[in-house]
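Here is the structure we will look at, set down as structure tokens.
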Amino acid sequence: MVDFVQNTLDGVMTGSSYGLLALGFTLIFGVMRRLNLSYGPSIMIGAYLGTLVYVQLSAGPLVVIAVTLLGAVLAGLYVERLCFAPMAAGAGVASMVSSFAIWMQLEQAAVLALPRHTYPFPPLATGAPLNLGPFLLRVDHLIMLTGALALSACVHLLIYRSHFGLGLRAIINNPVAAHLVGINVRAAIVRAFALASAVGGVAGYLVLAVDQQVTPMFGMWATIKGLIAMMIGGLGSIPGAILGGLLLGVIEAHSQWYFGPHIRDLFAYLALFACLALRPGGLLGEALHEPFERGA
Amino acid sequence: MDDYLVGVLSNIGVISFIALSAYLLLLIGAISFGQQAFFAIGAYAAGIATALWGWPLWLALGWGAAMGGVAAVLVGLPTLRLHGLYFAIATLAFAEMVRLLFEQFRYQVTIDGEPVGPNGTDGFRGIRYIFENDVGPLQFLALIYGLLAVVLAGLMLLERSRLGAAFRMIGEDPTLAALNGIAVARAQLLAAALAGALAGLGGGLYAHLTTYLEPRIFDVMLGVHGLAYGLIGGLGTALGPLIGVLIDIGMLESIRVFAGYRMIIFGGLVAVLLIVRPRGLLDERLVHRIGRACSGLFGRPRPDKNGAERKPA
Amino acid sequence: MLEISDLVTAYGKIEALKGVSLRAESGRITCLLGPNGAGKTTLMMSIAGILQPQRGAIRLDGVELTGLTPARIVTAGVALVPENRLVFPRMSVRENLLAGAYQRKDKAEVAIDAERMYARFPRLRERREQLAGTLSGGEQQMLAVARALMSRPRVLLMDEPSLGLAPLVVAEIFRIVAELNRDGTTIFLVEQNAHMALQVAHHFFLMEQGRVTFSGTPGQLAEDEVIQRAYLGARRAG
Amino acid sequence: MTAIRLACALAAAIGLPAAAYAQTRAKADVTCRPSGTTLQYDCSIMLTNARTSEPLGGVTLTVGADMPSMPMMHNVRPVAATPGAQAGTYQARLTLEMHGDWALQLNLSGPLRDRVVTTLRFDPDKVAPAAKAPPRHKH
């Protein structure tokens, strides 16, 4: 029984970073009904800048966070300008494939800049794990969980309490009506992209600080984990993204404990597949109705 | 032709199968990130058939295609009714599951004192049919392009058949297609089966071309590339995806001089191309215009001059 | 005063508006009548900036609006109550009203305006925290009107407010239109319901296939002739 | 898994007798080490007959490399290998695009036609046989 709770705790910890990634995905998908396959790679660009600063200038964690965040936001805006802004209303699939092409570009750029396979990343905390009764809690995991929950609370407040959030939700509800009430939809989308990239940057930083290394595979990993967590949680639903992330973390932790790492990923995909086949809307989102536009 | 050029052309031929497979599903409006799963199933099935069971090549390729088709139907049943985006993610999940299952799949037969056959992450070496039966690289290249020509002819015929029209109608609007008496579910499954078989056939050819398979080969990159070819080349006809493959691998090989920077240039190029032509180079509108131009040339009566443009939704 | 001169808006090669010129005097209710497909909604969307016209000009009290983004047009004082309402379905009635005043910085004034809307539309006060998507057609129409008024427009454009509503509710809508005008709001109304529209309009235009075919006051033409010309297509010579 | 194994055994039974290995099968031992300039490696290859394990001399050998993920995309133009001092030994210098796991394709097109594939992990400082677990992100 102790193992079960320990696994669940570990799962919740790692799941919190999935939740943040899913949150970033949901923000972009919610606002534009578009899938950004470059989401992970743009965070990786931020992380590579962060590790560059950490390795070359041996900068402290605060500087690395700032650089990672800024890098992720800049890369995110680059993706928005090239793949999503110029696309006509109907070209949903085209912008998704375009974001895939930019994923290739960003990944190769990162590999060229820093050709080694892995690069060190500043750790979050190096203290011994705390023990809470029979359970072991790694300090850096705790920081990741609290950081993730705090950030998602901030995003929730921003979306549901602020003027910016009101505008964003209006666009999500009905873009034409948003235009008609005088919202500058273009500018709001760019700000939403920046916000999502920033959230992704923090998630990336937390994950890589726990991992203490960054590889070019991180882009794909982040995109796929964020996507799975978003789909399980429910498209366009902010609480759903966090819940989906935590659930994915717990599923993975248990399957890793009982069946080993390979089977862990298999279970994650199985969970996603079952969720899609049985409840397409995900736990908290509602199923999409309007067709996923195929092109202008 | 030197071996390297034959190698590149063979690669182009083999990848075209997965591009056509994704294209076929795009016709019915289904975006699949998972055709690489059926490519893998076809590759392993055909590889096992020749290397372990000693079947002749054509039977092994047929077997691979059949396995690809069956797998496509099995995964299509619960997912094809889903909304476009969910189907895309479901196919991605299924393909990754197949890849992870192949990492566990071990089935070896000792031949000639050596264990031969898939061995999990170590892959499946020794699919040496073309060496045992003295099939030269040029002969295998001819086989690839022969099969590709047959498939293309089939797809061109499909374009003009009632089934082709049904696929495109479902692609435009499934409810409208159903209202016009098309058995949408059955047609979707048929399209998925055909697409799965196409990818399986391509997989079988790939297995014998490289003589070596490994689960990591069949990850999401291959699937998304397959999808991208159709969208870059255009969905007007079956030639569109081939144009996409030519641009991709043709481009990658020709700008070899920027060895390290290929993907950077190519990625940027695709993004810009999709801005200018969101439905690809050879999209429906261009094909329609070419069709009208050709019909003008051959003196067939032309529809009225300014055909009504579709009013955007 | 809202002035449209020689406006041409096309979808690709098809010209929906073939050079439309008309004016909506300040402080009055101006109505545009015409059958389906005459280009009424295209005109409204062109004024609101959702569609960019190919030629012609749109001016509000002399200020050029053509080519501006919808947001800038709202700042200039134009508010559109769109065809079939387009409320924000998964946001509450209160939030829909707040969204209507998105551009305004004076938070206190906005709150007062919101109260004023609840006073004018008591039904909305009852449903204040309810999701707009769950409201009835008539209630959504009132919400759409209230949302447009929250930006304190100089001219209120209304695109077929009676669409899909029960006769009782349509009468209520037109009573509100007259009441708003009495309180000083300039209204440019697009309608198919000629009978109701002519009772409140000070001036009206007829439109067919993207062209204005008649301009005058309700008294000038007998109602049945208006309907006959607008919907049954009078003989050109007549 | 057992169901699959049963199906395979059945298929083998009805299959034709396993193709006789008329051709001799080649076996290759490859060791590479960094050549000093980044992403460039010197590899020495020992070719032997798989059955009798005597060295295979005088074979025209080209060495190509594929990145396991998307092999037809991330590939390196094949290099001709130069025969070494002893029979059956060959040298080849490879220039890669990235560090990490690469599948080396040894194409024999001389008197004997065959292809052998070995996967090695190329790091800036050393080259090792690819570890059992692929370098998936640990998570």
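So you know, we letter chains A, B, ... as the sequences are listed, proteins then strands, and number each from 1.
- Nearest heavy-atom pair, B:L274 versus A:A94, reported as atom, atom and distance to 0.1 Å: CD1-O, 3.6 Å.
- Residues B:Q104 and A:L266 fail the side-chain proximity criterion, which asks for heavy atoms closer than 4.5 Å.
- Contact count against chain A (heavy-atom pairs under 4.5 Å) is highest for B:L82 among B:L82, B:D173, B:L273.
- Proximity to chain A (any heavy atom under 4.5 Å) is restricted, for B:R81, to the side chain, taken from C-beta onward.
- Both the backbone and the side chain of B:I89 come within less than 4.5 Å of a heavy atom of chain A.
- Expressed to the nearest 0.5 Å, how far CE of A:M104 lies from CD1 of B:I265 amounts to 15.5 Å.
- Applying the salt bridge (charged side-chain N to carboxylate O under 4.0 Å, His left out) rule to A:E107 yields no partners; only residues at least two apart in sequence or on another chain are considered.
- You'll find the side chain of B:I264 reaches within 4.5 Å of the side chain of A:L112, heavy atoms only.
- Side-chain contact check for B:M221 versus A:W103: some heavy-atom pair is nearer than 4.5 Å.
- Of the listed residues (A:L270, A:I102, A:L106), the greatest number of heavy-atom pairs within a distance under 4.5 Å of chain B belongs to A:L270.
- Comparing A:L276, A:L82, A:I224 by heavy-atom pairs within less than 4.5 Å of chain B, the highest count is held by A:L276.
- Using a 4.5 Å heavy-atom threshold, the side chains of B:V270 and A:F100 count as separate.
- Taking 4.5 Å as the limit, every side-chain heavy atom of A:D265 sits out of range of all side-chain heavy atoms of B:E96.
- Using a 4.5 Å cut-off on side-chain heavy atoms (C-beta onward), A:F267 and B:M97 make no contact.
- Rounded to the nearest 0.5 Å, atoms CG (B:L85) and CE (A:M96) are 7.0 Å apart.
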